[in-house]
Amino acid sequence: MSAPLLLWVILLRWASPGGFIRPGRTWQHCTDLRPLDILSEAVPAGGLARGMRVFQVQGMRGFQLSSSRPRALGFPASRLFIHCDRFPEEFSIIVTLRALRVPAKRNEYIFTLMVEESPSVLVGLRYAPDKLHFLFWSQERAGGWQTRVTFPNVSLSDNQWHTLILAVSGQSFSLTVDCSIPKDVVVETPFPASLSVRRASFYLGNRRRRKGVFTREGNKQKSGRKHKAPTTCSSRSVTLWDLVSIPLLPLSQGLLRQLVLLPGADATPRICHAMNFKVATLSVPTVLQDVPAKPVSNEVLKHPYESDMKVTLGARPRCSKQEKAQFWFNASRRGLYLCNGSTWLSMLEVQHRLDYVEEYQNLVTNSETMGIEVFTIPKVGLFAAMANRITPPGSAIYRWMDGKFVHYQNIPTHQAQSWKYFTIGKKIFLAVANFEQNERGQEFSVIYKWSRRKAKFITYQRISTHSARDWEAFVIEGEAFLAVVNHREGNNHNIDSVIYRWNPRTGLFETNQTIPTSGAYDWEFFTIGPYSFLAVANTFNGTSTKIYSHIYIWLSGSFQLFQSILTFGAADWEVFHIGDRVFLAVANSHSYDSGMPAPSNFYAINSSIYELNITAQIALDWEFFSVGDDSFLVVANSFDGFTFSVNSIIYRWQGYEGFVAAHHLPTVGCRDWEAFHTAEGSYLFYSSAKEPLSKVLKLKTT
């Protein structure tokens, strides 16, 4: 036989059905990039599998899985891997779930892939308090071992819906929660290039074990030891934290809405384009989709999910953990309310419209008031902290009693500029920004802590500041931060402002980052989707108020410059949302440049709402609030170049027209606005920087 003919025969033999490659096992079939809906495959056509129930929570439907018959929640992997019996080498797993609180030292499986005759987990995903574990099995000639990749600081057990995207490629593992910044892990052991799924089955919410019965990993190993593989296999485990053997419970009390395997691709770009990242979907079983079953003739719509709802009528009932998820109908206000375990949340009520604003209370203060902070201490009541200018007597805290504010506590301050209320766990804090030195020539701003025993705020931590103007408290990825605006040091306005991080070990705030600022007045923290931002209002650089204020974005453990906006003596930022749109308003105070001719009026200056423009005088503060379906902005106008007796203005959002002036309010040296609500109604509270009198205004609605 000639060489070309021999080569032709070999190639024909290679390509024939009886040749070297078995039918249905080509490389093309093993890289099918269609999404594989694991959850839908477990649902029989026209019904539910035994051990599955459908519930609707927070407007989304999901499966509740029972562990009494774990095998009933499984199906052969061959139903998904039709053309190939190998698990993809590169893939994404997309999960949407709602998990309840997991007891300490407990894990719950989201899914597993297991061979019928072996207790080993080929592929699995499970979560514990603040952790997510991905498991996979590696096989070699000498044996096999199970690898565990752990993602710490992943909080899922908060009774909220979350969407997880786990992308796997070789030694790289990436987890994205609710389309936030991915958590990346690189491990020594890569995901196997050829993981056989012959005779394997998928199991939902369990490891083929019953609830309450610990698996081999849970009850045969001491804490800290590595997981023992079966028979002669060696064992090793990869994690970012120390290895701990933990008892297991199935996912029996949470809800599972989406479980999809996407071979050969990172699913993040396909998922993270939606507005509601937590419930973004790639594929959801039909029974969980948001269209109720059509009625026969005139029957009431039948929903394929269960609901346990109780509605209370009459006077306002108690709302505690026992009444959580129960409804109350208020006939007088024609409103439906839901108990969240502590307060009644409005679900449906007749929407009020703002008619006019009336003067409600004149509050004589210790001295001129530079700022107000209104806050609620749980189980205690509503309070207002006034940042008073003169020392002594310092600043005062007022408590809302019988429909008005009454004096509650005096706190020594030194030309206080503002207060900030915040909590860390069960601890309650109130921080004051002091502008001047104390009697000893020391310049401190002070953090006070609420004493439940004394029912007072007591000194907790002193922090060295320089003519502090403002505090901003915020949380990023579960960590608490506190940022102070330093205005100037002596005559130098170009100094650093400081961001402090809470150290849970010492129970103190410690310096985390410094940011250069110029005569800064205000910090404003806000989030857009998964990203965190911090905006600073720069006012004066020593020669001019025409300077850039900056917006910073949180990346890799610190704030980095994101955008600069030209401002004119910026005194305040306010971020607010109307629908899906995000607005950023700046209060420009005045225009001054030592190198330019003096204008006829320093204070005739525009404040800006990006993308809108509103004319004000010397504006020092914005406050956003809503009444019914209407959105409002109130601006604190302080001085028009001639007098401090100027009108502050409430602007109403008019859609296409933008913000339109709706109400003019006479104020004197207005410095700060705060909006708050009580059971009796809605109010505005303003402080005066020019007289020892603040006013509470009540919003009258129709």
Side-chain angles (χ1 to χ4, degrees), residues 25-39 77 80-97 109-114 120-127 131-140 144-154 156 162-198 200 202 236-241 258-274 277 280-283 530 555-556:
R25 295 296 186 267
T26 65
W27 178 255
Q28 179 180 0
H29 287 152
C30 281
T31 56
D32 193 339
L33 300 183
R34 295 174 303 165
L36 304 178
D37 193 335
I38 300 173
L39 196 55
L80 284 181
F81 300 102
I82 300 174
H83 302 294
C84 183
D85 58 9
R86 287 181 291 164
F87 202 90
E89 181 181 0
E90 296 182 346
F91 58 90
S92 292
I93 296 174
I94 304 96
V95 182
T96 300
L97 53 77
Y109 278 98
I110 298 172
F111 83 94
T112 57
L113 176 64
M114 303 178 67
S120 305
V121 175
L122 296 181
V123 180
L125 194 63
R126 72 188 189 199
Y127 71 93
K131 298 179 188 177
L132 187 80
H133 305 289
F134 176 63
L135 311 175
F136 62 89
W137 187 260
S138 297
Q139 184 72 41
E140 293 182 351
W145 64 89
Q146 192 159 83
T147 299
R148 180 176 71 191
V149 181
T150 297
F151 296 90
N153 301 323
V154 178
L156 302 177
H162 296 285
T163 293
L164 318 178
I165 305 173
L166 175 66
V168 177
S169 176
Q171 297 173 276
S172 300
F173 300 80
S174 178
L175 177 68
T176 303
V177 180
D178 299 331
C179 293
S180 61
I181 299 174
K183 298 177 180 289
D184 298 320
V185 179
V186 178
V187 301
E188 177 185 354
T189 304
F191 190 86
S194 181
L195 180 62
S196 174
V197 296
R198 294 181 191 175
F202 284 98
R236 59 187 174 185
S237 182
V238 181
T239 178
L240 295 182
W241 285 18
Q258 176 177 220
L259 180 57
V260 179
L261 172 66
L262 181 63
D266 182 354
T268 306
R270 301 178 64 169
I271 292 291
C272 293
H273 60 82
F277 303 122
T281 58
L282 187 63
S283 180
L555 292 174
S556 303

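- Between the Gln258 side chain and the Leu282 main chain, a donor and an acceptor come within less than 3.5 Å of each other.
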Begin with the C-alpha distance, continue with both residues' side-chain angles, and end with the deciding distance and a verdict on side-chain contact (heavy atoms from CB on, under 4.5 Å) for Phe202 and Val123. CA-CA 9 Å; Phe202 284 98; Val123 180; over 6 Å; no

List the atom pairs, donor and acceptor, that lie under 3.5 Å between side-chain atoms in residues 165-175 and the rest of the protein, sequence neighbours left out.
{"residue": "Ser169", "atom": "OG", "partner": "Glu90", "partner atom": "OE2", "Å": "2.8"}
{"residue": "Gln171", "atom": "NE2", "partner": "Val187", "partner atom": "O", "Å": "3.0"}
{"residue": "Gln171", "atom": "NE2", "partner": "Glu188", "partner atom": "O", "Å": "3.0"}
{"residue": "Ser174", "atom": "OG", "partner": "Asp184", "partner atom": "OD1", "Å": "2.8"}

Using side-chain contact (heavy atoms from CB on, under 4.5 Å), reason through Leu36 and Phe81 one step at a time and then give a plain yes or no. CA-CA 9 Å; Leu36 304 178; Phe81 300 102; 4.1 Å; yes

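- Here the closest non-hydrogen pair linking Pro88 and Pro263 is CG-CB, 3.7 Å.
- The aromatic rings of Phe87 and Phe191 are tilted relative to each other, their planes meeting at an angle between 30° and 60°.
- With sequence neighbours excluded, the residues satisfying side chain to side chain donor-acceptor pair (under 3.5 Å) with Asp266 are Thr268.
- In this structure the side chain of Arg270 reaches within 4.5 angstrom of the side chain of Leu262, judged on heavy atoms.
- Classification of the Phe136-Phe134 ring pair by plane angle, with boundaries at 30° and 60°, yields tilted.
- Side-chain atoms of Lys183 and Asn153, non-hydrogen and from C-beta on, do get closer than 4.5 Å to each other.
- When side chains are defined from C-beta on, Leu261 does not count as touching Leu80, because their heavy atoms never get closer than 4.5 Å.
- Of all the heavy atoms in Ser194 and Arg86, the pair that sits closest is OG-CD, 3.0 Å.
- When every heavy atom of Leu156 is checked against every heavy atom of Tyr127, the shortest pair comes out as CD1-CB, 4.2 Å.
- Nearest heavy atoms, Ser138 versus Pro190: OG-O, 4.3 Å.
- Gly124 and Val121 make their closest contact through N-CG1, 3.7 Å (heavy atoms, listed as atom of the first residue, atom of the second, distance).
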